[in-house]
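Chain identifiers are assigned alphabetically (A, B, ...) following the order of the sequence lines, protein sequences preceding nucleic acid strands; residue numbering begins at 1 within each chain.
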Amino acid sequence: AQQYTIGITQNNVGVDSYQTTYEQAFIAAAEANDDVQVVVLDAGGDVARQIAQIEDLIQQQVDAMIIWPTNGEAVIPAVRKAFQEDIPVVITNSNIAEQGFDFIRSFSGPDNITQGQRAAEIMCDRFTEMGIEDEAQIVQISGQPGYTTAIERAQGFEERLPEVCPNVTLVETQPGDWNREKSQQVMEAFLVKYDDIDGVYSGDDNMGVGALNAARAADRAGDIVFVGATNFAVGYEAMEAGDYWGSIYQSPVDDAEAALQTALDILNGEDVPFLNYFDTPKITQDNMGEFTKPVF
Amino acid sequence: MTEASEKTPSTGSAARGGTTAATPAGGLSKAGIAGFLARQGILVAFVLFMIGFTLANERFISPDNVLGVIRSSAILGVMALGVTFVVISGNLDLSVGSMMSFSTIVVLDLHDQIGPGLAIPAMFALTLCLGAFNGFLVGYLKLNSLIVTLGMLSAIHGLTLTWSGGKNMDIADKAGTWFSVFGQERVLGIPMPILIFLLLASLLGIMLAKTPFGRKVYAVGGNGTAATFSGIRRARTVFTCYLISAFCVATAGLLQASRSLGSQNTVGQGMELEVLAAVILGGASLLGGSGTIFKTVIGVLILGFIQNGLLLVGLQFYVQYVVTWVIIILAVWLDIAAKRGRLLSPIA
Amino acid sequence: MKPGSLSTFLRTGAIWAFVLLELAFFGIVGDMVSTSNTPFLAPDNLLLTLKQAAPIGIIAMGMTLIMINGNIDLSVGATFALAAVVLLDSMSWPFMAAMGDWAIPLAWFFALAVGALLGAINGLIVWKTGVDAFIVTLGSMLGYRGLVFMYNGEQPTSNLNWTLVDFAEAQFLGLHTPTWFLLAVTLFMWFLSTKTVHGRNAYAIGNNREAAVNAGIRVGPHMLINFVIIGFLAALSAVVFYSESGSVNPNDGQLYELWVITAVVLGGTKLAGGSGNVISTLGGVIAIQVLRKGLGHMGAATETVNLVIGLILIAVLFLDRQLNVKGREALKT
Amino acid sequence: MTAPALRLENIVKTFPGVRALDGVSFEVMPGEVHALMGENGAGKSTLMKVLGGIYQPDEGRIVVEEKPVTMRTPMEAKAQGIVFIHQELSLATELTVAENIYLGELPRRRFGLVDWQTLYARTDAILKKLKVGFDARTIVGSLSIANQQMVEIARALTVDAKAVIFDEPTASLTDAEKSVLFDVIADLRGSGVGIIYISHRMEEIFKITDRISVLRDGSYRGTVNTAETDEDAITQLMIGRSLDLSRNTVHHELGDVALEVRGLSCGKLFQDVSFSVRKGEVLGFYGLVGAGRTEIAEALFGLRNPSGGEILLNGEVVRISSPHDAIAKGISLVPEDRKGQGLVLGMNCRDNMTLPQVDDLKAGPFVAEGAEVAIFDQYRDRLDIRTPGWRQTVGNLSGGNQQKIVIGKWLSMHPEVLIVDEPTRGIDVGSKSEIHKLIRELAAQGYAVIVISSEMPEVLHVSDRIVAMYSGRIMRTFTSEEVTEDNLIQAISGIRADRDAPVAEPA
Ligand SMILES: Nc1ncnc2c1ncn2[C@@H]1O[C@H](COP(=O)(O)OP(=O)(O)OP(=O)(O)O)[C@@H](O)[C@H]1O
Ligand SMILES: Nc1ncnc2c1ncn2[C@@H]1O[C@H](COP(=O)(O)OP(=O)(O)OP(=O)(O)O)[C@@H](O)[C@H]1O
Ligand SMILES: [Mg+2]
Ligand SMILES: [Mg+2]
């Protein structure tokens, strides 16, 4: 077969295990395939650096490009340049804004709005089971402000919750920046401020565990239903221990492999759906046996 | 600086052999208040803050909240203690944030490999090595501390990522380890981090105020050349300050790791500036030679309570940035204004 | 050759020698390691390097002047972000939206004015309160960042205007728009710092503030002007960059101050003030960009880049010291 | 009678807690060299700073050529024709000579550009007048201290001055430069400029000034014609008593050799230096500024690595690697630059005084503060240090008292060898004689003392023997019987009995 060079610029490797595992999985998948060579770049969370990397990849005339955007809008002009140079672009993990859709071939990743919705359902179901669906009060700890995944998850959650549990009130949302320590601080303040917290929705399990730690320290963990997203190993363990209720199972390995595959499919002239979601099922204490423990 | 106001009118015969202050009558009480504000302005600001927030939300002053704030400030506070030494010696340490993530990640990783009993000393040793490197570069090679520790900020972050492979670090058996005592236990109802913070603050406070070493730190920061001419080994003193800073960072890393038994590589990032803000708020001069541990503790608590208070009155986290800005400028301004006896700077 | 001019040459020329060394290294070793099939030294790649150096570079020119003046500005990253927010947001204000593309120059003006204003606030505080610039700008680094967040919550501010993007992406004589801005700013700042009374006074103030005061130089206004200039340049950097990208996160520009200071120090400007020049700063800016890009070219991971840049910064400081040390006869204090 | 070039009326200036000037009136005629004298801290510099627009007077007014003026900035003072040559070097060392001379008033072209041509041309013209060996484009930092002082002085010639103030301009000039300076002053006087000249050196005052005004404790004590007075009368006016400035004739019993130096060299700084000091002896080091005396002291104190030779303490060869080491071996150095090297200005008096022995004054792990206070009190009384108490910040003391703190700091160490470098630089006559007395007393108690000084009366007054240095080498060692002013001057000018004219300052 033909030899392809595919470039990827990632958001911020090393900031959490998900992104690191993604990178490793991506490299492993590429090595396993003799047809591809990859140029792996990391923007370190900096938009300017990412735009520069996109330009570099264009300049290096890669055959296709995969982008994990640091900012869903800021990369659009750079993506347009790739488009103008006839380099197919696949967006991975976190989508770009709609204005850019003309310039990309596909988005490959989780459906974050659905994830938010599913988290709302998990939360609501649990409240119903406990019989507090009419009076429960919850707080939300969202991801990094301005980051598409964070916005979409919060949006999905906030839209869906009133549909399934109209009487549950979301009393406050604060960002935890995908950061366990930050989230722990935010939760500490919530615990002081509100005597009655029945549930916590966190933009990912990393933050969720931070919130759990805070609640544990205040001896209130037992009263609170913790629901997260992106089931990290720590979240899985906390579920095993019975402290953490549910999450969304999302594998960075699936994520990375799907992105690479999407790019290859495009290069091989196959038809790929524009929004190429991979499945991210609900996981709770009840069904966690069906899932293997996340490796990250 | 009350001394300034007690200054004799001239050094001539009026004060010959005398030790009494010839302060112009009437100026005394004014100078007294100004002097008090200059010395204790930060305390006054602190008290005003506490009253303000308490009026805004009665929960603010509840024992749980107060303990909670101090506990979550403890990590920042422990780091600020060490940085206080470095700043008084006339240098900066911008690498403490990176270094803290290093020690947190290292102790968590080693915990599962060699057990907590060995992991803790090993982590302290490694962190002290980083501090020693800082101290060697700044103390012995006399390189500019801002740039050196800026470089170390970046380099240590690279080191941490290399160590962890970019992955989160978590202790496997969270329920079964005694490692959690430092971050999670209470003694007499008081959380361990607070006890450790206060214990360390007392020890280091006494060390700085009462021991020959502390005196040397002030001398080296006040005038390094004069200190050398007085037989003080400046390089060694600066080196030791960086070791103390690293020791505090390691302690902070221990508290952090023990508190959550797992961590991301980003832990501690950006803390160097918060730490510095606390130290400056406490009144230490970046030129060196002034500052105390007690004031740094107050600076730390002010930052902690502002953050908490704003959250309690329902303001967004970023309002805290603006408030901190205003407070830092006001605190430092009033401090130097009182010292020079006029509000506006005499700069033309 | 006058005594001392060799070490002066080393100090000013060394950074360019370092840039050449980097280019040679990445051109040879880098190409051997790299998976990419275009050479590192391809002209297009070098032109891109210049373009990508522009955002940091433009601010670094202002920082050079500030540091020559004996001050420092830690708030440039936040100023950069706030100017960007104003730039992009103002274009969607109703009366501006009604103006069509004529809104662009006005939006630029707003952004630049805000940058200059933020600089002026820093400068005024430094001047009037006498608080050290490090502390003042450490504070405003937090404060301005807070304002960025307060402006638009935690959401990104976006306005994708293709006319603007086309302008920003344009190439003239092979150089990209941002490169032209970088070169123009460098030239202007070189002129300002070496040829004007203001520039020379800035050196004098940084070198010996008391002497400058005694000689009747009005230190305050000079510092104020320099802070206005760096605020303006931080905003110009934002204008150049965000014209192309069209969206700003409230966290953008964080740590820029560190990159900028690193570039300026690599260029040989002393933190103590009184010495330094913008041409060497340009060398410092390019050196960092080449290093970053070259390491990326070789496939180095983020952690390696961090480690290398940190250690190079320390090594440069060390070498500079060795070059300037008076030898074994020196006083050992 | 012509109008005065400058008149100060009833000037009052207070600093927090200090009445630095207490109603001083004072005038300078055109074409007059007017000396301003007074003890350290009498208010001379403050008065001149009021004149120079640096301080604003609380009361009183300044009249220039019969017109009252207010000067809020140094710029405005200059515009009134008042030029101020500062006591402390006030130069931007990274800039060129020309930029320094015209600091604050660089010639401009359009758009705020510097007019370099004019600048260099004017500067070179001035430098020619001053007969210096450097040009307008030289970087000031590369000049010797003395040449830097000349740059400072050159500023007086840049404007059409009505009055020029020299605040202790000769503190670091060689004799050759001094005479150039005096020529310049004579020129200025000839062209009708009023000159205010501040100095503690009597011989200069009597050589070049027309009238002398005296300040004491911030108040005006009167003006006398130089021709009609003498040193003793001026001293009386300044400090209220007379002083004995005779030569040293009393000799103590000398003990063993405490310190011996054999063939010590340090690169280009000094070469092949040999001498010895006995217990109970005061050894003076005399030479021009730049002769390398300070560097020898620094080498003895472990601050420089000698490139050859050896040092013996009590007959044993020692290697002194640092001040810490030197102190441990019983050597103390009162450094030349008290603000830069001697004191931590922000610290209090007591802590400064006990700094070198803080490791030894311990109660358990802590500093024994009681013992420290005792030491401070002892030396305050002994040296008559005037301060309200040990808590006073050293930076707030007057220069003379600061100097005494430094001396106290080293005396309290009970060193075997005490080296004092320019112990009375910038110190008024009263304090000076106290310090001289003290040095003699120390020798009497068995200390070996080395006194480095650039003032001949001082070395002659305190020393038992005198080492004359020139350009890094010892020219000759005199006993106090054989020394005369003439042979001493010859020795330090590099003239051996039969040689030609001296070489100028070493590069
Ligand atoms: N900025 C200041 N703040 C407080 N006190 C001051 C200040 N400047 C001078 N003084 C005090 O005013 C008095 C007069 O000082 P001044 O410098 O005028 O003395 P001087 O006559 O020039 O002495 P010297 O011969 O040592 O130069 C001294 O007591 C000094 O300590
Ligand atoms: N270019 C310079 N810049 C800064 N300090 C200098 C410079 N040249 C000399 N010094 C310092 O100024 C002081 C006077 O130095 P100078 O060389 O004039 O005399 P010296 O070598 O110390 O000898 P002596 O004590 O015999 O006068 C010394 O402390 C010296 O280290
Ligand atoms: Mg004076
Ligand atoms: Mg000397």
Is any residue of residues 170-188 of chain A within less than 4.5 Å of chain B by heavy atoms, and which ones? A:Q174, A:P175, A:W178, A:N179, A:R180, A:E181, A:K182, A:Q184, A:Q185, A:E188
If the contact rule is any heavy atom under 4.5 Å from chain B, which residues of residues 221-250 of chain A qualify, in numerical order? A:F232, A:V234, A:E237
Less than 4.5 Å to any heavy atom of chain A: does that hold for the side chain of [X], its backbone, both, or neither?
| X | answer |
| --- | --- |
| B:Q269 | neither |
| B:N65 | both |
| B:S164 | neither |

Option that, when pairs with chain A are counted at under 4.5 Å, heavy atom only, ranks first among [options]:
| options | answer |
| --- | --- |
| B:S260, B:S62, B:S72 | B:S260 |
| B:M169, B:Q184, B:R71, B:R186 | B:R71 |
| B:G166, B:G68, B:G183 | B:G166 |

A:N213 side chain reached by B:R259 side chain, heavy atoms, under 4.5 Å: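 A side-chain contact is absent here, since even the closest heavy-atom pair is not under 4.5 Å.
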Quick one: which of A:N206, A:T21, A:V209 has the most heavy-atom pairs under 4.5 Å with chain B, could you say?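 Winner by heavy-atom pair count: A:N206.
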Rounded to the nearest 0.5 Å, what's the gap from CD on B:Q264 to OG on A:S17? Could you check?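 Atom-to-atom, B:Q264:CD and A:S17:OG are 8.0 Å apart.
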Side chain, backbone, both or neither: which part of A:E23 has a non-hydrogen atom closer than 4.5 Å to chain B?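 No part of it gets close to chain B.
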